[in-house]
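Accompanying notes for the structure given below.
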2 protein chains.
Amino acid sequence: MSINRLPTIKEIARKLNISTSTVSRALHDHPSIGWVTTMRVKQLAEELNYEPNFSAISFKQRKTFTIGVLLPNLSEAFFSTAISGIEEFASTKKYNVLIGQSLDDPEREVRILESMKNHRVDGMIVSVSKNTTSFEHFEQLQHYNIPIVFFDCIPERTDVHYSACNLQTGMLKAIETLVAKGITNIALINGPAHLNASKQRQQIYFKGLKMHNIPYDPQMMQTTDLSKEGNLAAMDKLFSLEHPPKAIITFNDYLALDAIVAAKARNMVINKDIYFISFANLPIWSYMNERPLASIEQFPHLQAEKATEILFSLMEAEPGIEVKKPCYQQVIFDSELILHSL
Amino acid sequence: MSINRLPTIKEIARKLNISTSTVSRALHDHPSIGWVTTMRVKQLAEELNYEPNFSAISFKQRKTFTIGVLLPNLSEAFFSTAISGIEEFASTKKYNVLIGQSLDDPEREVRILESMKNHRVDGMIVSVSKNTTSFEHFEQLQHYNIPIVFFDCIPERTDVHYSACNLQTGMLKAIETLVAKGITNIALINGPAHLNASKQRQQIYFKGLKMHNIPYDPQMMQTTDLSKEGNLAAMDKLFSLEHPPKAIITFNDYLALDAIVAAKARNMVINKDIYFISFANLPIWSYMNERPLASIEQFPHLQAEKATEILFSLMEAEPGIEVKKPCYQQVIFDSELILHSL
DNA sequence: TCAAATTACGCAAACGGTTGCCTTACTTTT
DNA sequence: AAAAGTAAGGCAACCGTTTGCGTAATTTGA
């Protein structure tokens, strides 16, 4: 068993008695190389199963053909779906994907970003950690000319590129659906108040209530830190009310899982005594026999794919150092309400 | 906003009026560089926030510092847990992880392996696709001196490195547990017959029955292609028997999910009329109110971590071309039966 | 006191591929 | 027929780091 070396451009050149530059150009269909030579090179390359050495090109071009992805948690279905969208798009462009999880810890976020910079990623896709408040670490990357596209969890600024999801369409539709069933005491269990995502849900919640002339009762909106204990505590509060809710909109699916368990512990029948609406729409619902009435789908795959597309457009435009009026690409998808058949 | 360049060894050398080779050696604590110079270099490097250029090193060393991971399906919790184990270990060694999904398609497997080779991965961790029968494509990598460590789904050969899980401990314990509850008509819904994983389960099933003097009834062992339809068909067969089973061991968790749905469709009460034992132990069970009596935990994180450890030992030993008597590292963990509290 | 050993560092090539510029040999043009 | 243009391809530098070998300065040994 001999140990093979992968063929190089030099080998091809030697075997054909031409120079390496000719081989290189031939492989790139450079016009200054004759038809015959080009064909001979390509054929031999094919025979030898030649593949360009990534490291060499990356070195020479000062590009790593790698994009960094930084998101809160890979193990959440939402994000792994997103990764899959990113990976698909990137692989068509022959790019690699380097993944980092912030675990919603701002310090980890900073460290990972630093490490990505040192790995010389060509661009980044970021879903901001839930607890991040500062923006410097992102700004720093721009000094090194590394473009960033945010998705899903985006910073509250106008000078960034992003691809996100408009929760309003799905959430208003959810409230509308509940009202149509004659339900008006609708609660919201929201995430931590400082989150952009929480603020959005709250505003839409207000708007939805107003649209249907439902007065807002502050006790019907609870928040949780999204821990199991926090989730159960929020449920406790809602059910210790004089008029407990008939329907609950939950910040996300995981919260809904806990909430459903809590409701059952109170001997309530799901989708009869109590209705749930969740954000995200995990695939496991189809296996559960007690599930929310509906979920608000945010199309993580689509969002992430679009973010990747934007990133590539930025990376490809990069060389033009002409900093024309900075034009930020911002795409927003509409969320949709998906009813779970019962 | 000026555009920074990441500092290089050359810059450090220039600023200190020494040669790049000295800087390089100093950074590596080479003994031939004096204490003072070494310190001066290190300090300046620190100040400038110097990080070695990966591409350059990778190019020069003919190593990519990347390991390839090839597994059937990233979206299965079992494998994403495994990835996490691999990623953790690799990142401590400053290695990157390149992921490929075979989707249990042998052709994709071959293609991905080829692509990994061309990406010049330094080593591979592979969980073989369920439908793979040949071994050539793996052998080919060895010609290029790329070590492979298999995990979980391993080929039936002795001349490979692997980290796997011994199903016997958990599965025998499962049968023992059932028998202790007075249940003896225990069925097995197995995966495709040609799978190594299926053969193992079958053998242990036989062994377990024999240990408790339960006669083997061929009708109590069904197989499925693991599609939803196949799974339901297997359940149909079992329940059209004269003496349907009281307990069913399922090839994996996903099959168990379908099987539970099928049982409920027959108005059976789970863990009363019928008991299930599943392989894998998905985290979602804790949220489901109808779950198997127990699951056989195979410790994917641990398995994968160990596989990575073995891979690194191989990659580090690599240079010694002295092909001493090929010694294969093979680690087997015991599975455990995890009871689900009801 | 002079050869030998040691210390501390520099020189330059190499890794594989790309690219600006130059050269050679034809082919056109006038 | 001489000047100019074109087609096809070679030369060599470069990207950042590592490393074998060479060398100057200093120390050691006898």
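Letters go in sequence order (proteins before strands), and every chain restarts at 1. Since the structure is predicted, the reported quantities are computational estimates derived from the model, not experimental observations.
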Whole angstrom is fine here: how far is it from CD1 in B/I12 over to C1' in D/dT17?
-> 12 Å

Rounded to the nearest angstrom, tell me the gap between atom CG in B/N53 and atom P in C/dC15.
-> 19 Å

Choose from D/dG9, D/dT17, C/dG17 the nucleotide whose nearest atom is closest to any side-chain atom of B/I9.
-> D/dT17

When we call it a touch if two heavy atoms are under 4.0 Å apart, what does A/T37 touch: a base, just sugar-phosphate, or nothing?
-> sugar-phosphate

Phosphate contact (D/dG9 OP1 or OP2) by A/T22 side-chain N/O below 4.0 Å = no

Kindly say if B/S24 contacts the phosphate of D/dT18, meaning a side-chain N or O under 4.0 Å from OP1 or OP2.
-> yes

Gap between atoms CD and C1', on B/E51 and D/dG16 respectively (whole Å) = 14 Å

To the nearest Å, give me how far apart CE (B/M39) and P (C/dA8) are.
-> 13 Å

So what does A/T8 hit on the nucleic acid, given a heavy-atom distance under 4.0 Å: a base, only sugar-phosphate, or nothing?
-> sugar-phosphate

A/I57 side-chain proximity, nearest of D/dT18, C/dT18, C/dC9 | C/dT18

Could you work out which one of D/dC15, C/dG16, C/dT19 sits closest to the side chain of A/R62?
-> D/dC15

Separation of D/dC15 P from B/E11 CD (nearest whole Å) = 12 Å

So does A/E114 pair up with A/R111, basic N to acidic O under 4.0 Å?
-> no

From the candidates D/dT17, C/dA8, C/dT18, the one with an atom nearest any side-chain atom of A/H28 is C/dT18

Would you indicate which nucleotide in D/dA8, C/dC15, C/dT19 comes nearest to any side-chain atom of A/S21?
-> C/dT19

Counting side-chain heavy atoms from C-beta on, which of C/dC9, C/dT18, C/dG10 comes nearest to A/K60?
-> C/dT18

Min side-chain heavy-atom separation B/F333-B/Q303 under 4.5 Å = yes

Enclosure of A/R40 CZ (heavy-atom neighbours >12, cutoff 6.0 Å) = no

Select base, sugar-phosphate, or nothing to describe what A/F54 touches, counting heavy atoms under 4.0 Å on all strands.
-> nothing

Picking from D/dC15, D/dT19, C/dT18, the nucleotide nearest the side-chain atoms of B/Q61 would be D/dT19

Out of C/dC9, D/dG9, C/dT18, whichever nucleotide has its closest atom nearest the side chain of A/S32 = D/dG9

Could you pick out which residue, A/Y50 or B/I18, lies toward the 5' side of DNA chain C when each is mapped onto its nearest nucleotide?
-> B/I18

Can you check side-chain hydrogen bond (donor to acceptor under 3.5 Å, both in side chains) on A/Q43 and A/E47, steps first, answer last?
-> CA-CA 6 Å; A/Q43 196 190 328; A/E47 274 174 31; 3.3 Å; yes

Whole angstrom value for the distance that separates C1' of C/dA14 from CZ of B/F59 = 8 Å

Closest to the 5' end of DNA chain D, once B/R25 and B/A56 are matched to their nearest nucleotides, is B/A56

Which whole-number value in Å describes the distance from A/W35 CH2 to D/dT6 C1'?
-> 21 Å

Please say whether the positively charged group of A/K93, taken as NZ for Lys or CZ for Arg, lies over the ring of A/F312, i.e. under 6.0 angstrom from the six-membered ring centre and within 45 degrees of the axis.
-> yes

OP1 or OP2 of C/dC15 under 4.0 Å from side-chain N/O of A/K10 | yes

Classify the ring geometry between B/F78 and B/F151 as parallel (under 30°), tilted (30 to 60°) or perpendicular (over 60°).
-> parallel

Report the distance from atom NZ of B/K63 to atom P of C/dA14, rounded to the nearest whole Å.
-> 22 Å

